[in-house]
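Working notes, beginning with the structure itself.
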Amino acid sequence: MEFDYWWLLGFPLFFALGWLAARIDIKQVVTESRTVPDSYFRGLNFLLNEQPDKALDAFLEVVKLDPETIELHFTLGALFRKRGELDRAIRIHENLLERETLAEDDRLKALVELGQDYLKAGLLDRAEEVFTRLLETPFSGQARRNLLEIFVQEKDWYKAIQAATKLEKQSSRPMNAEIAHFHCELAALDMVKADLSSAQKHLDEALSTHRQCTRANIMLGDLLSTQGKREEAIAAWRLIESQSPTHMVLVVDRMLENFKKLGKLEEGLDWLKSLLTRHPSLDMFNTLYHAVMESRGAEAAYQLARDELRRNPSLHALERLAEAELISAPENRREVIQNAKSLIQRHVQRLTRYHCASCGFKASQFFWRCPACGRWDGFDPARHEE
Ligand SMILES: [Zn+2]
């Protein structure tokens, strides 16, 4: 077969066409990038360098040059909201929504953003209205999550239960722990009004929704104790050890009080001592120490603190040891011990805090819901020395 040399001439032509196509593409990219103002890239650069204030100024310049850039309006709105300039964020999103030419997708997106502005500004009625409108749209999941947040902030626990139940069905994310808390909140309101039967009903619902709800058992014990049913109250509180031993610290004071009223303080002290060997805890040790000091005297309290210091060394135990020693110390040594005790006490107060496991927020008191990130059960009830 004879080789046709003539088609070799096609090679340069193919190369030339490829080169031309590449040139056209590059030219197009360069032309497009030239139409984007420099301020846009400067803004992006500031954002990447975590300088939102400077990014904001750069983006504002772009918007002045080209007021039609929808995406940039969303970026600006989000930046204003992040900086806490909520009136400006609201104005941007409201202006977007007023545009008649706005595409449906962008309109819904602007509504979501506006709802979040209202929520952050504490304008809960307006936020609720916006997110309710979004329930029948592709943004329904986000709308329901925000509605739940609104109902929690409004302390509208019935609506919160409804919203969380629907959210659970929609997202298949378990919400039973949160729902149990909402029932506990309702029970707490009933207990304030002394409507004990309604409180009992809500606590039963909390436990049937979430069997591990320690808060419900704590409150159940309170409810029984209020009615003078002390043995039953102690039994309800004891169940918490099998749910979450660290939560026992929240009830040991009340338990000892009830043991005392039943004339069984010694039994209560022995029980607390054995609980502490199973689950060491600074605060439970404190409770035991004070109760032992009151009922068995300074020498017994001193021995307790000394044993604790050996077993679980902590500033807490050292402070209690100094306290017990101070009582029986001779006059000439009292001042030194008192000074040491005060010094330790100041450190203990500074170092011992409750922590949110979710966001790291620290507080001197325990919360069922973190005031910083809003997570339920985020706080560990056991305080730790840092
Ligand atoms: Zn938190």
Side-chain angles (χ1 to χ4, degrees), residues 43 47 52-53 55-56 59-60 62-63 66-179 181-183 185-186 358-359 369-376 378:
L47 262 191
D53 292 357
L56 201 59
F59 287 142
L60 279 170
V62 187
V63 170
D66 183 7
E68 293 305 309
T69 41
I70 307 280
E71 283 305 321
L72 209 50
H73 280 82
F74 280 123
T75 310
L76 276 176
L79 278 171
F80 276 131
R81 187 169 66 235
K82 199 174 173 193
R83 281 206 334 179
E85 290 185 55
L86 297 165
D87 50 342
R88 297 180 84 176
I90 289 171
R91 223 175 309 137
I92 282 187
H93 296 131
E94 281 179 346
N95 284 342
L96 273 178
L97 286 164
E98 278 166 14
R99 290 189 188 191
E100 284 177 6
T101 52
L102 197 67
E104 182 61 10
D105 272 4
D106 287 332
R107 197 182 65 79
L108 294 177
K109 208 171 141 195
L111 262 181
V112 171
E113 295 296 318
L114 185 63
Q116 283 175 354
D117 298 338
Y118 286 149
L119 186 56
K120 197 166 178 192
L123 301 167
L124 300 184
D125 286 356
R126 289 196 207 175
E128 184 178 341
E129 194 191 314
V130 168
F131 289 121
T132 308
R133 277 164 67 190
L134 285 163
L135 278 178
E136 303 301 323
T137 71
F139 291 93
S140 63
Q142 190 171 356
R144 236 181 260 289
R145 271 195 301 279
N146 284 304
L147 279 171
L148 176 59
E149 172 60 30
I150 292 166
F151 299 142
V152 167
Q153 283 193 30
E154 288 176 335
K155 298 188 188 301
D156 191 334
W157 305 115
Y158 283 109
K159 278 190 181 176
I161 291 170
Q162 266 182 3
T165 309
K166 283 180 185 166
L167 192 60
E168 191 173 49
K169 274 184 198 150
Q170 188 176 1
S171 65
S172 67
R173 180 192 142 205
M175 297 290 296
N176 56 334
E178 280 94 335
I179 294 172
H181 272 293
F182 304 154
H183 283 297
E185 293 285 351
L186 285 167
S358 180
C359 71
R369 182 176 192 251
C370 174
C373 71
R375 162 126 181 246
W376 290 94

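Taking R107 as the reference, E104 meet the salt bridge (Lys or Arg N to Asp or Glu O under 4.0 Å) condition, with sequence neighbours excluded. The side chain to side chain donor-acceptor pair (under 3.5 Å) search around S140 returns Q170, not counting sequence neighbours. The salt bridge (Lys or Arg N to Asp or Glu O under 4.0 Å) check on R91 picks up nothing, with sequence neighbours excluded. Residues meeting the ring-ring contact (aromatic ring centres under 6.0 Å, His included) test with H181, sequence neighbours left out: W368, W376. For the side chain to side chain donor-acceptor pair (under 3.5 Å) test, residues two or more places apart in sequence or in another chain that qualify with E94 are Y118. Scored by the side chain to side chain donor-acceptor pair (under 3.5 Å) test, E178 finds R173 as partners (sequence neighbours excluded). Applying the side chain to side chain donor-acceptor pair (under 3.5 Å) rule to R126 yields no partners; only residues at least two apart in sequence or on another chain are considered. For R81, the salt bridge (Lys or Arg N to Asp or Glu O under 4.0 Å) criterion is met by E113, D117, not counting sequence neighbours. With sequence neighbours left out, P174 forms a side-chain contact (heavy atoms from CB on, under 4.5 Å) with E168, N176.
The local environment of NZ in K120 is crowded, with over 12 non-hydrogen atoms from other residues, nucleotides or ligands closer than 6.0 Å.
Residue pairs meeting the salt bridge (charged side-chain N to carboxylate O under 4.0 Å, His left out) criterion with at least one member in residues 127-145, sequence neighbours excluded: E128-K159. Applying the ring-ring contact (aromatic ring centres under 6.0 Å, His included) rule to pairs touching residues 134-171 yields W157-F182, sequence neighbours excluded.
Counting heavy atoms from C-beta outward, V112 and V130 have side chains that stay 4.5 Å or more apart. Looking at M175 and L148, their side chains come closer than 4.5 Å, going by heavy atoms from C-beta outward. Two residues are said to be in side-chain contact when any heavy atoms from C-beta on lie closer than 4.5 Å; C370 and S358 fail this criterion. The side-chain heavy atoms of H93 and E98, taken from C-beta on, include no pair separated by under 4.5 Å. Counting heavy atoms from C-beta on, the side chains of T132 and L147 come closer than 4.5 Å. Taking 4.5 Å as the limit, some side-chain heavy atom of I92 sits within range of a side-chain heavy atom of F80.
A salt bridge does not link E185 with R369: every distance from a Lys NZ or Arg NE/NH1/NH2 to an Asp or Glu carboxylate oxygen is 4.0 Å or more.
Shortest non-hydrogen contact noted between A89 and G77 is CB-O, 3.5 Å. Taking each heavy atom of L96 and L102 in turn, the nearest pair found is O-CD2, 3.3 Å. Of all the heavy atoms in P138 and L108, the pair that sits closest is CD-CD1, 4.1 Å.
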